[in-house]
J.: 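Structure below; questions to follow.
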Protein chains: 2
Amino acid sequence: MAVTIRDVAALAGVSPSTVSRTCKDNPSISEETKEKVRLAMAKLGYEPNFQASNLASQNSRTIGIVLPVSERFIYVNSFFLEIIRGITQYCNSRQYITTIIAGETEDEALQTIRSMVRNGLVDSFILLYSKQKDPITSYLYNEGILFALIGKAYHFANQTIYVDTDNILAGQNATEYLINLNHHHIGYIGYERSLIFSSDRKYGYSLAHYEHNIPLNHDYSVEVRYSPNQMPEELMQLLRRPDRPTAFVVADDFLGIALERCCRECGLSIPNDISVVSFNNSLFAELSSPPLTSIDINSVQLGIEAATQIINHAENPNLPSTKIIVPHRIVERESCKKL
Amino acid sequence: MAVTIRDVAALAGVSPSTVSRTCKDNPSISEETKEKVRLAMAKLGYEPNFQASNLASQNSRTIGIVLPVSERFIYVNSFFLEIIRGITQYCNSRQYITTIIAGETEDEALQTIRSMVRNGLVDSFILLYSKQKDPITSYLYNEGILFALIGKAYHFANQTIYVDTDNILAGQNATEYLINLNHHHIGYIGYERSLIFSSDRKYGYSLAHYEHNIPLNHDYSVEVRYSPNQMPEELMQLLRRPDRPTAFVVADDFLGIALERCCRECGLSIPNDISVVSFNNSLFAELSSPPLTSIDINSVQLGIEAATQIINHAENPNLPSTKIIVPHRIVERESCKKL
DNA sequence: ATATTTAATGCAAGCGGTTGCATGGAGTTG
DNA sequence: CAACTCCATGCAACCGCTTGCATTAAATAT
């Protein structure tokens, strides 16, 4: 059996409570005694029992990471895994643990979450998505359970902790990058409006136009349903037009790859005929041909920030609900050309 | 405060121990009483406290999922995330939980694992990789801690639980698929020999040649270091040879994409000049142009099997260390052509 | 009818910590 | 020097559940 607080107490010649207080660095224990106890702990290789400690102090230093349900979203490159890494590494360093919640359906996930809350296993959550009318978000919000969103909050935004990229700014920056390469006919390829990250990026794209006094051509923007392996006919038509855009901002690397394929089919060259800037800087951007210039959104950092927020709030319940913006940066590759 | 076993006991008019035994479906409680207790549990929405239960019964229904350290490997498409989903879903359904361990370095990960073991947080592990001379594997093995490998065990193979694809067979099948399309000049592109999955696939590739009495041309096989965005000059030379292979088996979708890029540079068309079969059937295979015919290795199932094994062994310590082979299947797309 | 077995349940001592309160001794004060 | 603080530590109850053993009542055997 592992070494317990009593063993340490015995060796140090103090009571278990003194050991416990030493672990917490309680000021009412003299530095002298603490040293003695620490020595004993080191000698025995003592590690406080996580479960016992949680049980006694009525908390659980455990954060639930909720994966989005939809299969499609899951695949979005290494995004999720990077966030998970970020969260986990930070949590481990602060003696918290994480547990993954992955349901086949929303109901299943909600069920799991409910029971984890009820049985005291998990007391806070990080959702790796943000969407409208999500029963999980509502549940957590209504029960007053601590949670953070990766992405932008829809409802209760003011009372919700979230960590996000400034997608509007990112969209603007991507577009400005192309404008600086003398592109004035820039298209946007994104997803349906309900996916906020895409519509924000698009909004940034228009902002850049306004600020640079470049007219915005509305039929230069194309909407793709969330399955980039089937690009709409509309796009092909756009590419075949004589007055087609000379550059595109596309909502993520998937669409970047899909656009590359379309161009190939139309006999257009990237970057000679068309320049492309995409988002996420996933491995896809690196491996595609040509490799894509892409906005890196720093997923690992998103995870770290979310974990930081959650732990700080867990330990200090009356902090205000913060919103954190993680900066992005452009990674230049071979998909853009100066006109 | 949440509802406890005492509340249930009080409502049902029995003792806490009876409630506890009812939860475990202990045969020494009469069916009649159990019904009464179950009713009370339902009425109160009782969920047993995970930590308390673990503390009392001296176990932790928690499985640590260890991610590989190397950044590069992490990215291998959706592989890891799918496995994590598989493990997590299965665990949740059996009332186990999972926790992710992600270290920046091997030492850091080992440190985390050590302390999780010592403080009783985790008592079994699933490693999402398998490599030689891994300090984590050695530690777990030497301490006699229950663990399973995804991949093929190197050392202690006979005493280790592992879940794997039959990569030799998969390599053979991929090759036979091309042979059946009348290809007789087939190349193999893989990684350095120390990556067993790659060398096994290559071995299967040769087996297929022998079985079909097709001579194996050794300079048709190319080895790439684990960074597929830089293909070796050797491959380009091979592609430019007049007697170049008409088809390739490549160790994973990354290499498939990389090969596509090389072909494009050499002015070769896939599938017209070169046919390609790759492995893993990741999103990369779907999105590349042309989409790649790829061997699906069923990652979610790998995760489920690993979790099943671990839980069974945890609950029944003298089971023999099993090896599980998860079947693969070929997914046909547009990268192959009949000669 | 009494002794003995058996089945069903309860008692109470843990599991390994935490923490409010009591305690004791050193230090301060008048 | 008695009275009083105050600081450092210990005591013991408790967190919610598990489980070996005792207990009781019913069933069976003698």
Side-chain angles (χ1 to χ4, degrees), chain A residues 1-38 40-41 44-62 95 115-123 315, chain B residues 1-38 40-41 44-62 95 115-123 315:
Chain A
M1 180 45 53
V3 22
T4 78
I5 207 169
R6 274 161 236 279
D7 302 326
V8 179
L11 180 61
V14 298
S15 76
S17 21
T18 303
V19 178
S20 172
R21 291 191 175 106
T22 302
C23 289
K24 306 257 124 66
D25 205 22
N26 187 314
S28 73
I29 303 292
S30 73
E31 208 40 60
E32 206 184 336
T33 315
K34 278 181 186 166
E35 239 0 278
K36 221 167 44 185
V37 173
R38 291 202 189 101
M41 295 200 299
L44 297 175
Y46 169 73
E47 295 259 357
N49 182 299
F50 196 79
Q51 322 228 40
S53 153
N54 285 340
L55 177 59
S57 56
Q58 289 294 77
N59 62 11
S60 83
R61 305 167 63 89
T62 304
Q95 319 275 43
S115 95
M116 283 181 168
V117 169
R118 284 225 211 90
N119 66 29
L121 191 56
V122 178
D123 45 25
E315 299 189 344
Chain B
M1 178 47 54
V3 21
T4 77
I5 207 169
R6 273 163 238 278
D7 302 326
V8 178
L11 181 61
V14 298
S15 78
S17 20
T18 303
V19 177
S20 172
R21 291 191 176 105
T22 302
C23 290
K24 306 258 125 65
D25 206 22
N26 186 316
S28 74
I29 303 292
S30 72
E31 207 41 59
E32 207 183 337
T33 316
K34 277 182 187 165
E35 240 358 280
K36 220 167 44 184
V37 173
R38 291 204 189 100
M41 297 201 297
L44 297 175
Y46 169 73
E47 295 258 356
N49 183 299
F50 195 79
Q51 322 227 41
S53 152
N54 285 340
L55 178 58
S57 56
Q58 289 292 81
N59 62 12
S60 83
R61 305 167 63 89
T62 304
Q95 319 274 42
S115 95
M116 284 182 167
V117 169
R118 282 224 212 90
N119 66 29
L121 191 58
V122 179
D123 45 24
E315 299 188 343

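Below, read A as the first sequence line, B as the second, and so on, with proteins coming before strands; counting in each chain starts at 1.
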J.: Could you give the CG-to-P distance, from A:Asp7 to C:dG17, as a whole number of Å?
T.: 9 Å
J.: Distance from A:Asp25 atom CG to A:Lys34 atom NZ, nearest 0.5 Å?
T.: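 It is 4.0 Å, given to the nearest 0.5 Å.
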J.: How close or far is atom P of D:dC17 from atom CD of A:Gln51, stated in whole angstroms?
T.: 14 Å
J.: Between C:dT18 atom C1' and B:Leu55 atom CG, what is the distance in whole Å?
T.: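 Answer to the nearest Å: 13 Å.
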J.: Please give, in whole Å, the distance from D:dG16 P to A:Leu121 CG?
T.: 15 Å
J.: Going by atom types only, do A:Ser15 and A:Thr18 share a side-chain donor-acceptor pair under 3.5 Å?
T.: yes
J.: What distance do B:Cys23 atom SG and B:Met41 atom CE have between them, rounded to the nearest 0.5 Å?
T.: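 Answer rounded to 0.5 Å: 4.5 Å.
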J.: Please tell me which of the listed nucleotides, C:dG16, C:dA8, D:dC17, lies nearest to the side chain of B:Tyr46?
T.: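 Nearest to the side chain of B:Tyr46 among the choices is D:dC17.
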J.: Nearest 0.5 Å, please: how far is CD in A:Gln51 from OG1 in B:Thr62?
T.: 6.0 Å
J.: Among residues at least two apart in sequence or on other chains, which ones pass side-chain contact (heavy atoms from CB on, under 4.5 Å) with A:Glu35?
T.: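 A:Glu35 satisfies side-chain contact (heavy atoms from CB on, under 4.5 Å) with A:Glu31, A:Arg38 once adjacent residues are dropped.
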J.: Could you state the CZ-P distance from B:Phe50 to C:dG16, rounded to the nearest angstrom?
T.: 17 Å
J.: Between atom CG in B:Asn54 and atom P in C:dG17, what is the gap in whole Å?
T.: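 For the pair B:Asn54 CG and C:dG17 P, the rounded distance is 15 Å.
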J.: Enumerate the residues from residues 13-31 of chain A whose closest heavy atom to DNA chain C is under 4.0 Å, giving them by residue number; use none for an empty result.
T.: A:Ser17, A:Ser20, A:Arg21, A:Lys24
J.: Side chain of A:Gln58 only, please: which of C:dG16, D:dC17, D:dG16 is the nearest?
T.: D:dG16
J.: Phosphate oxygens OP1/OP2 of C:dT9: is one of them under 4.0 Å from a side-chain N or O of B:Thr33?
T.: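 Affirmative; the distance criterion is met.
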J.: Whole Å only: how far is the CD atom of A:Glu35 from the C1' atom of D:dA8?
T.: 16 Å
J.: Report the distance from atom CZ of A:Arg6 to atom OH of A:Tyr46, rounding to the nearest 0.5 Å.
T.: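 So the CZ of A:Arg6 and the OH of A:Tyr46 are separated by 10.0 Å.
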J.: To the nearest 0.5 Å, what is the distance between CG on A:Asn54 and CG on A:Leu121?
T.: 9.5 Å
J.: Figure out the CD1/C1' separation between A:Ile5 and C:dT19, and round it to whole Å.
T.: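 Rounded to whole Å, this separation is 12 Å.
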